[in-house]
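Chain letters run A, B, ... following the sequence lines, proteins first, then strands; residues in each count from 1. Note that these values count all heavy atoms, side chains included, but never hydrogens, waters or copies made by symmetry.
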Amino acid sequence: MTLEPNSVYEKIITELPDGEKLKSCLQCGNCTGSCPSATDMDYAPRGLFALIAAGQDEKVLRANTFWYCVSCYQCTVRCPQEIPITDIMYHLKHQAIEKGLYTTDAKDFSGTFIGMVEHFGRSFELGLAAGFHLLHHPLESVKMAPMALGMMSRGRLKLLPKRIKNMGQLRAILDKAKEIGA
Amino acid sequence: MKYAWYPGCSAEGNSFAYDETSRMIAEALGIEFQEIDDWNCCGATEYFSVNQLPAYALVARNLALINAEETPQVIAPCSACYINLKKTDEKMAKYEQLNTEVNVALAAGNLSYEPGAVKSRHFLDVVCNDVGYEAVKEKMTQSLAGLTLVPYYGCYMGRPEDNFDHPERPQTMDTLLKTLGADVPDYSLKTICCGGHMTQLSAEASLRILRHLLEGANQLNADAMVVGCPMCQLNLDAYQKDVNSAYKTNYQIPIVYFSQVMGLAFGMDPETLMFERGIVSSKAMLEKWLTAEPASKKRRRREKRDKNALPMPKQLES
Ligand code: SF4
Ligand code: SF4
């Protein structure tokens, strides 16, 4: 089978370690049956892989599937073909961002988080919606307020992380990595 | 043995109680460690999703900062930190090109890392498998008998591969809590994901996942759920109220760290174990434990269900 160059399928196979295993997908559905987010996904993993094989790239990259993936690896440990499904989800996020095709807030969230890390070397607590919402969706944060107050009064919420000492070194490493990785 | 220590970002805020009580437990058990000087964020699940190479380089800086000769193993108390450190080391060892590229990036900061030099360990793994249950038992001054503690492992203690416990049926924490004398039911949802960062993206999806976990623990009459990951703790604790209002339930299950309940069994003052940092109060659990009569503990034990029966969670009413 020849693959369309630059297609989603081809990129997974050539760019991702062990990505070629996707070719062996049996469409057995173990992944979908194991996925805690499946009910909220446009296409659950098995269905998404069928679309990838069928070359429906736009549908694939506009799906919310990989943004709703919580990286739990349940699918990966249960896949009879040892397909690195979770890593494929990561890779699809990357592809969707690259092509400018994404439909959810999630990319913003990832971006905010990464911005924090690149600025401070540390992050606010992942999973703490309050920090994210207070900074980016002040209106949404009304809903978050009681939880945020509870966390604050227990000394568990900070809006900004501590900065590491050698930020210059970390930035040099990340810049270099981006340069090679691009 | 001496270990390097990687606290992780949540140790500075959200999971302060975990960090603090882990240090207390480590000291009691004679686990010596050295915090990595100037460590940086592991990138959690976000960094890997957007750009792979910088994500690996970000994690690798932490590994490179460790003096591998002095401390060839690093402890992470957070499951996500643990998995990222481990994954980076293993993938660099497995993929030559990745190794080269990460090291080119590290060189820009005058650092280098040779894969395999530092082994990543979860704190629970070190307590249970290096120190061992026997040594834990020796440190105990009181039993946790009378408490039903439900162990919840989440994703990364057993997944994706070659971690310290089984991906679907882990036992480490079950055995630890039994060693401490608690009643430990077989919780069939113990490795189902807590939803991770889903709380930030879809309240509906994350509350559904959390409700499922809480209902399972509630059916087992949990006095508390015991965790070893700041993200699991945060989701189950801070959003429990939201689950209750969304589903008209009334769960009041404290979500505590294994280090906190170990502290109780080691005779440490409950006040120093920071239970009050939890959003859901641990007061009822602590009172129950303090007032548990030895006789009632025995009765409770006899009531336990047939050992040979399979775990059978009841159907959720929707
Ligand atoms: S579990 Fe593996 S083989 Fe089965 S459908 Fe999913 S990806 Fe394909
Ligand atoms: S890793 Fe992602 S796709 Fe796989 S089961 Fe978990 S949430 Fe679903």
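For the options Gln233(B), Met274(B), Glu276(B), heavy-atom pairs under 4.5 Å to chain A are most numerous at Gln233(B). With chain B as the partner, the residue from Arg171(A), Lys165(A), Arg154(A) showing the most heavy-atom pairs under 4.5 Å is Arg154(A). Note on Leu98(B), Ile83(B), Asp37(B), Val102(B): by heavy-atom pairs under 4.5 Å with chain A, the leading option is Asp37(B). Contact count versus chain B (heavy atoms, under 4.5 Å) is highest, among Asp40(A), Asn166(A), Ile164(A), for Ile164(A). Chosen from Lys94(B), Glu161(B), Gln97(B), Glu168(B), the residue pairing most often with chain A at heavy-atom distances under 4.5 Å is Glu168(B).
A donor-acceptor contact shorter than 3.5 Å is absent between the side chain of Arg277(B) and the backbone of Ala17(B). His122(B) places a side-chain N or O within donor-acceptor distance of the main-chain N or O of Gly228(B), the cut-off being under 3.5 Å. A donor-acceptor pair under 3.5 Å is absent between the side-chain atoms of Gln260(B) and the main chain of Val256(B), judged by distance alone. A donor-acceptor pair is defined here as one N or O able to donate and one able to accept, closer than 3.5 Å; no such pair exists between the side chain of Thr21(B) and the backbone of Leu273(B).
Proximity to chain A is limited to the side chain of Ile209(B), based on heavy atoms less than 4.5 angstrom apart. Contact of Arg78(A) with chain B is made through the side chain alone, with heavy-atom distances under 4.5 Å. For Phe16(B), no part lies near chain A; criterion is any non-hydrogen pair under 4.5 Å.
Counting heavy-atom neighbours within 6.0 Å of Glu82(A) CD, excluding the residue itself, gives a total of 12 or less.
With 3.5 Å as the limit, one finds a donor-acceptor pair spanning the side chains of Arg61(B) and Asn40(B).
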